[in-house]
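What follows is a set of notes on a single structure, which appears directly below.
One-based numbering, in listed order, for ligands and for the atoms of each.
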Amino acid sequence: MTLSINLSGSIFLSSLFFWLGRSLLFLLPAELSHDLGLKGLRLLHQFGLLGLLRSRVQALPLAVFGLQFTNPVGLAAGLDKNADYIDALGALGFGFIEVGTITPKPQPGNPQPRLFRLSKERAIINRMGFNNKGVDHLVEQLKSRRYQGVVGVNIGKNLSTAVENAAQDYLLCLQKVYPYADYVVVNLSSPNTPGLRSLQFGVQLEQLLATLKAEQKILADLHQRQVPLLLKIAPDLTSDEIISIAQSVRKYALDGVIATNTTLSRQGVEASAHAGEAGGLSGALLTEAATSVLIQLANALEGTMPIIGVGGIMQGDDAGAKLKAGATLVQLYSGFIFAGPPLIRDAVASCKQVQDANK
Ligand SMILES: Cc1cc2nc3c(=O)[nH]c(=O)nc-3n(C[C@H](O)[C@H](O)[C@H](O)COP(=O)(O)O)c2cc1C
């Protein structure tokens, strides 16, 4: 009895604390509130006060890509681009954290404003443009992390590198992060780097995958460690394009695929003042499109490699739905911004229900 009162009391307090913080932060412009939110989290963690925000996440261990995950719910790329906040984010109960997108050289990204919160639609539009401190900074952060869970690194190309030379940037990032990453993601699906998405198709994709797989083998021998290589794809793909990508990743024996990144579609945001902003849309309006891509991809891959499902997980049940659609792991971004740490707990609970039903 005392335990359940204490438990529900602490759940109530952490939810209250989150809603208070979120309400204050949402009064500020989106990018400033993102930055302050992350810095606030880190401070709470440093002073041992993260318990004020954390929800009790149940353990749901699983092995994927030869890695041990404490639960299947991870943080998607883009929130902690430079790996500056791994320890604080990890302490919130995520089963894994993906940092990046990182590029070889630091770059400022697009001019501000470049991040727009569509609260009514529970969506975000961003055209950040891979703003980041460069791969060397990220490597230093990875070296000094305390978080013991799985950390993936999402890699990209600099804006100043021509699309034809993109392989050089991906190679350099892969080489530098390899000894310190648990998995590496080749991001070809950001809509905010001109020409990047064209690398998802045909010869360009196959050449890039061949180069990176060959390098993965060299690095595995050198470091005596197999680091899985994944591809992250867009939601704006035709059925034929999804099939063709699946064939290519199978041909080059990638270790997994992440579906999906943000969408260029503006369906459902017509009424928002921000509907006209350029960039990628994420959140509630992406759920259906991302899951549709996931289902088609899972069909085409025929269980040959695991898929991480991401896009529009806004409530716990959406995570279970991704598993049902063919994902083995899931990731949160926009849902986490709107619903906070309780979403991690609810998403893990929903995954557990699906796993139990499949037993
Ligand atoms: C502000 C913002 C920045 C993002 N930056 C990246 C990025 O650098 N690399 C990447 O692969 N995805 C990035 N994403 C995409 C997310 O990782 C995720 O794939 C997408 O938002 C869909 O998930 P969601 O609907 O849960 O947000 C970003 C998303 C947002 C909202």
Side-chain angles (χ1 to χ4, degrees), residues 29-35 37-38 73-83 94 96-103 107 109-110 112-118 121-133 138 152-159 170 173 183-193 196-197 200 230-236 257-265 268-269 274 277 279-291 293-294 307-315 318-319 321-322 327 329-339 343-344 347:
E31 188 163 348
L32 180 61
S33 83
H34 260 59
D35 292 346
L38 285 168
V73 179
L75 176 70
L79 189 64
D80 189 7
K81 288 186 186 278
N82 301 297
F94 283 110
F96 61 110
I97 306 276
E98 190 172 311
V99 295
T101 297
I102 202 74
T103 56
Q107 61 178 30
N110 288 319
Q112 296 190 27
R114 53 192 178 178
L115 181 61
F116 307 90
R117 200 188 302 119
L118 289 68
E121 291 80 3
R122 291 186 303 144
I124 295 173
I125 293 177
N126 93 82
R127 52 167 179 275
M128 306 300 285
F130 290 167
N131 55 307
N132 76 95
K133 298 177 185 169
L138 179 125
V153 181
N154 183 304
I155 59 175
K157 75 160 201 72
N158 277 116
L159 177 67
Y170 286 98
C173 287
Y183 70 85
V184 175
V185 183
V186 180
N187 179 10
L188 301 182
S189 48
S190 166
N192 302 314
T193 296
L196 192 79
R197 285 184 166 194
Q200 293 178 113
L230 282 67
L231 176 70
K232 183 165 178 179
I233 64 171
D236 310 311
V257 181
I258 304 188
T260 70
N261 213 312
T262 55
T263 179
L264 290 170
S265 162
V269 289
H274 298 307
E277 297 294 349
L281 175 75
S282 56
L285 299 167
L286 176 60
T287 317
E288 229 179 278
T291 301
V293 170
L294 170 60
I307 306 173
I308 302 182
V310 51
I313 298 178
M314 309 304 286
Q315 54 202 16
D318 296 333
K322 295 275 187 205
L329 300 164
V330 299
Q331 289 178 325
L332 317 175
Y333 193 132
S334 304
F336 178 66
I337 301 297
F338 286 103
L343 180 60
I344 309 171

Starting from [atom], find the nearest protein heavy-atom neighbour and note its residue, name and distance.
atom: atom 1 (C) of ligand 1; result: Tyr333 OH, 3.3 Å
atom: atom 31 (C) of ligand 1; result: Ser282 OG, 3.5 Å
atom: atom 27 (O) of ligand 1; result: Ser334 OG, 2.6 Å
atom: atom 7 (C) of ligand 1; result: Thr101 OG1, 3.4 Å
atom: atom 15 (C) of ligand 1; result: Asn261 OD1, 3.4 Å
atom: atom 12 (N) of ligand 1; result: Lys232 NZ, 3.1 Å
atom: atom 20 (C) of ligand 1; result: Thr262 CG2, 3.8 Å
atom: atom 17 (O) of ligand 1; result: Ala77 O, 2.7 Å

**Study point:** Among Gly78, Ser189, Ala76, closest by any non-hydrogen atom to atom 4 (C) of ligand 1
**Key:** Gly78
Review point. Heavy atoms only: which of Arg117, Met128, Lys81, Arg114 is nearest to atom 5 (N) of ligand 1?
Key: Lys81
Practice item. Check if Gly283 has a non-hydrogen atom at a distance under 4.0 Å from any atom of ligand 1. Key: yes
Review point. Can Leu79 be said to touch ligand 1, with heavy atoms closer than 4.0 Å?
Key: no
Sidechain-backbone polar pair: [X] side chain, [Y] backbone, donor-acceptor under 3.5 Å:
X: Thr291; Y: Glu288; answer: no
X: Lys322; Y: Gly311; answer: yes
X: Gln107; Y: Gly129; answer: yes
X: Ser189; Y: Lys232; answer: yes

Straight-line distance of [X] [atom1] to [Y] [atom2], nearest 0.5 Å:
X: Ile233; Y: Leu188; atom1: CD1; atom2: CG; result: 10.0 Å
X: Leu264; Y: Thr262; atom1: CG; atom2: OG1; result: 7.0 Å
X: Arg197; Y: Asn261; atom1: CZ; atom2: CG; result: 6.0 Å

Check your understanding: Could an N or O of ligand 1 be found under 3.5 Å from any N or O of Asn126, whether backbone or side chain?
Key -> no
Check your understanding: Just distances here: any N/O of Leu286 and N/O of ligand 1 closer than 3.5 Å?
Key -> no
Review point. Are Asp35 and Ser33 linked by a side-chain donor-acceptor pair shorter than 3.5 Å?
Key: no
Review point. With side chains defined as the heavy atoms from C-beta onward, is the minimum distance between Leu38 and Asp80 less than 4.5 Å?
Key: no
Exercise for review: Flag the pair Ile124 / Leu115 as yes when at least one side-chain heavy-atom distance between them is below 4.5 Å, and no otherwise.
Suggested key: yes
Number the atoms of ligand 1 from 1 as they appear, then name those within less than 4.0 Å of a heavy atom of [X], with their elements.
X: Gly312; answer: 24 (P), 25 (O), 26 (O)
X: Asn154; answer: 10 (C), 11 (O)
X: Leu115; answer: 1 (C)

Study note, to complete from the structure: Exactly one candidate in Ile313, Leu329, Leu332, Leu343 meets side chain to side chain contact (heavy atoms under 4.5 Å, CB included) with Val73; the answer is Leu332
